[in-house]
Protein chains: 2
Amino acid sequence: MANGIGKILTHLRDGGPTSRADLARATGLSSAGVTKICATLSDAKLLHEAAGKEPALGRPATEVSIRADGGYVLSIHLSPAQARVAVCNLDSKVLADDALSYDPSTPVATIVDKAADLARQVIASSAIPYGSLLGLGVGVPGSVDEDGRVNTHSVLAGWRDVPFAQMFEAALGLPTVIAHNASAIAMAEARYGAWKASESLLYILLGKGIGAGFVKTGAHERTSIVEIGHVVVNPGGPHCRCGGHGCLERYFSEDPLRGCIGQTDVPHEALISAAMDTSDWPQIYEYFLQALSTTVTLLGPEMIVLGGDLNTAPDAFVEALRADLPARVMPQQRTKLAIERTSLPAPVGVHGAACVALERFFFAHGPATLSRPSKAATRA
Amino acid sequence: MANGIGKILTHLRDGGPTSRADLARATGLSSAGVTKICATLSDAKLLHEAAGKEPALGRPATEVSIRADGGYVLSIHLSPAQARVAVCNLDSKVLADDALSYDPSTPVATIVDKAADLARQVIASSAIPYGSLLGLGVGVPGSVDEDGRVNTHSVLAGWRDVPFAQMFEAALGLPTVIAHNASAIAMAEARYGAWKASESLLYILLGKGIGAGFVKTGAHERTSIVEIGHVVVNPGGPHCRCGGHGCLERYFSEDPLRGCIGQTDVPHEALISAAMDTSDWPQIYEYFLQALSTTVTLLGPEMIVLGGDLNTAPDAFVEALRADLPARVMPQQRTKLAIERTSLPAPVGVHGAACVALERFFFAHGPATLSRPSKAATRA
DNA sequence: CTACTTTATTTACTTAGTAAGTAAAGTTAA
DNA sequence: TTAACTTTACTTACTAAGTAAATAAAGTAG
């Protein structure tokens, strides 16, 4: 959050309609600054104005709020075998979306081309003019460099140092930022989810693998990718694709869970439920608890959100976790630790990617058209 | 790193003497901006100027560098039973220091008073005028709030929500920032140590307890406290002061190590060496390896630095770690992972605290006297 | 001695704000 | 009714911190 525009937009996102006077108090800006910035934002059709509640005393306030249709972002959620594209508004609400599947061995260049084609279709179907798209957010199933340009490593998909941002910018002509999928969804939960008051949040995504994203909000906000799937829970255990032995992912992800159930066609919504009936479950659950409690000890999240196949786990699973986890973490963490299911509407993946794009291309400094209107104008 | 002054000072700290032209290229500032800022810094006696190496072509550059005696910070390292005070220059070099011991049950107010008294003595002995002290950095053995004002929880010392920053500001009249000890030392290693090229670093501090600090450098720099001592390595194990069972600290910290050696008077420099000869060692070492590999998996440091009693461990210990750890972390981490001893000169604790103070009161935005000369002047 | 290259400075300007005063829009009470 | 008061919002004049572009400085190469 760098400039005044960003401070005001961020406050309006998190705090809802606010009077200019309250904005000044909340952001630390002068009232003059707030007036100016709001005028700029109003000129750009980014704000609504409405009467606030009548005050006991003094001039009544007019509250400003962000116009949800003041701009849009495109978002793409990439999995090893599927891409989902969406157009979202400034509330991170999905206005149009569609998905395509591909073989996991498809070259990334082809995946980008196909996803870009689908994106053009989705944009057309949404009837949003191309010019009001602020940018593109891409979620990838692996680690990303500091600037959000390159997917450095996706263990599951087998990708390495793929410059997705550059590739999508070339294909679609939109400024692009990429992010780790689980971290992006964690950010969306922290921003738009039911527990947005939390100071920090760990989002666990169970699917083909098991990954997690950690978000800390506040002044020093940050997100990080958490390789919980490759925490070693059984040092002498079976070999894992990551190169280690006895990683959690070898026990607690879709394939091994289906393996222990003994059926390959269990729908993933029923996976945990079915696994809980097997004799292997106590051991598997213990491994999960072990990796999770260590993660909590080291990162100290206030809130754990269960996503992917964990979101559809039976209540008994969530209850068990709530009963067992607190005893295995430090007391200062125990008092606050909440465990909940995803609170965002499906599809969650594009929601996360959209959230990252909104942050970068809207909330951090305001839309680029506002920040630098003169540079282009001066040149002309 | 917010403003131009901060960018230039930070670059000079990390990159040594640099010409104004190179500073402009490195920081992204305009050459005019660099000239102005360097003039301001020169006026404040903060810079040295010296001829650069003769160029093949063009006007020869004059290189500027930070004058180590352009300002000083006070630093205090607080342990449960000891306080060490130092005065350091802008290179984070200790110019004068002294320590005092106290009973662990001493009230914090008394500890602050005693430490402040000692600080006045150390300042006097250093012959540094009080007015050239930029601020105070305090290292504490526990977690700290986001602003570096309150020690929220020190398990070992039994402190809770102690507002050390406020207390020391009242006692000494210097702007104060507090930080977690191991994290502060990690930061010092990342800044001034032999491995300052590392992108991220985990500093492990073995003493009465075992704690760690993690630093990530670069654009999104951050430090965090890592409670490696309370990673559960033996779920059914003995009760720990943190409230859990079978924490690493119950096996791998000074008291339990002395316990397994069977002598209470082993000097801490010889602790690991002696412990390695006992029959319990393979199990203890395995526990340590387990907690450490999980920490590496979750945080992904490029570099592990061994501090405290690990710094004086025999070579055989370090070699064993180098041999055993890589196989137990993910391949993308394995290729880079380096394991080394502390590279900073003793006393390391005050060095860390000084580093945090220097960051806050000098490198981030330049000294406060430069940033806001007019506000006070205008008022007068 | 002139052309060239690179470093450093100066001048004029821009951006993003602040401080302080003023106007606006209501309530309360004599 | 009208003056006093409270709070919001806006206007004006100013400042801090930088940029762009032109210029000066200090050397080398031919």
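Keep in mind that the numbers below use all heavy atoms, side chains included, and drop hydrogens, waters and symmetry copies. Letters A, B, ... are given to chains in the order of the sequence lines, protein chains preceding strands, and every chain is numbered from 1.
With rounding to whole Å, B:K7 atom NZ is found 10 Å from D:dG18 atom C1'. Between the P atom of C:dT9 and the CD1 atom of B:I37 lies a distance of 13 Å, rounded to the nearest Å. Rounded to whole angstrom, the span from the CG atom of A:L47 across to the P atom of D:dA9 amounts to 13 Å. Rounded to whole Å, atom P of C:dT15 lies 18 Å from atom CG of B:L29. Rounded to a whole Å, the CD1 atom of A:I8 is 12 Å from the C1' atom of C:dA16. Between the CG atom of B:L41 and the C1' atom of D:dA17 there is a distance of 14 Å, rounded to whole Å. A straight line from CG of A:D43 to C1' of D:dC10 spans 14 Å, rounded to a whole angstrom. Taking atom NZ of residue A:K36 and atom P of nucleotide D:dC14, one finds them 13 Å apart after rounding to whole Å.
Residue B:G33 is in base contact, counting any heavy-atom pair closer than 4.0 Å across all strands shown.
Residues meeting the ring pair (Phe, Tyr, Trp, His ring centres under 6.0 Å) test with B:F362, sequence neighbours left out: none. Residues satisfying the side-chain contact (heavy atoms from CB on, under 4.5 Å) test with A:R67, not counting sequence neighbours, are A:K45, A:H48, A:D69.
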Would you tabulate the pairs of protein nitrogen or oxygen atoms and nucleotide nitrogen or oxygen atoms of nucleotides 6-8 of chain C closer than 3.5 angstrom?
unit_1	atom_1	unit_2	atom_2	d
C:dT6	O2	B:R59	N	2.8
C:dT7	OP1	B:R25	NH2	3.2
C:dT7	OP2	B:R25	NH1	3.4
C:dT7	O4'	B:R59	O	3.4
C:dT7	O2	B:R59	NH1	3.0
C:dA8	OP1	B:T62	N	2.7
C:dA8	OP1	B:T62	O	3.0
C:dA8	OP1	B:T62	OG1	3.1
C:dA8	OP2	B:R20	N	3.0
C:dA8	OP2	B:A21	N	2.9

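Ion pairing between a basic and an acidic side chain is recognised when a charged N comes within 4.0 Å of a carboxylate O; B:R222 and A:E221 show no such pairing.
Considering only heavy atoms from C-beta on, A:L344 comes within 4.5 Å of A:Y192 through its side chain.
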For B:H180 and B:S143: C-alpha separation, side-chain torsions, deciding distance, then whether side-chain hydrogen bond (donor to acceptor under 3.5 Å, both in side chains) applies.
CA-CA 6 Å; B:H180 173 241; B:S143 56; over 6 Å; no
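Annotation: cation-pi geometry satisfied between A:R13 and A:F363 (NZ/CZ under 6.0 angstrom from ring centroid, within 45° of ring axis).
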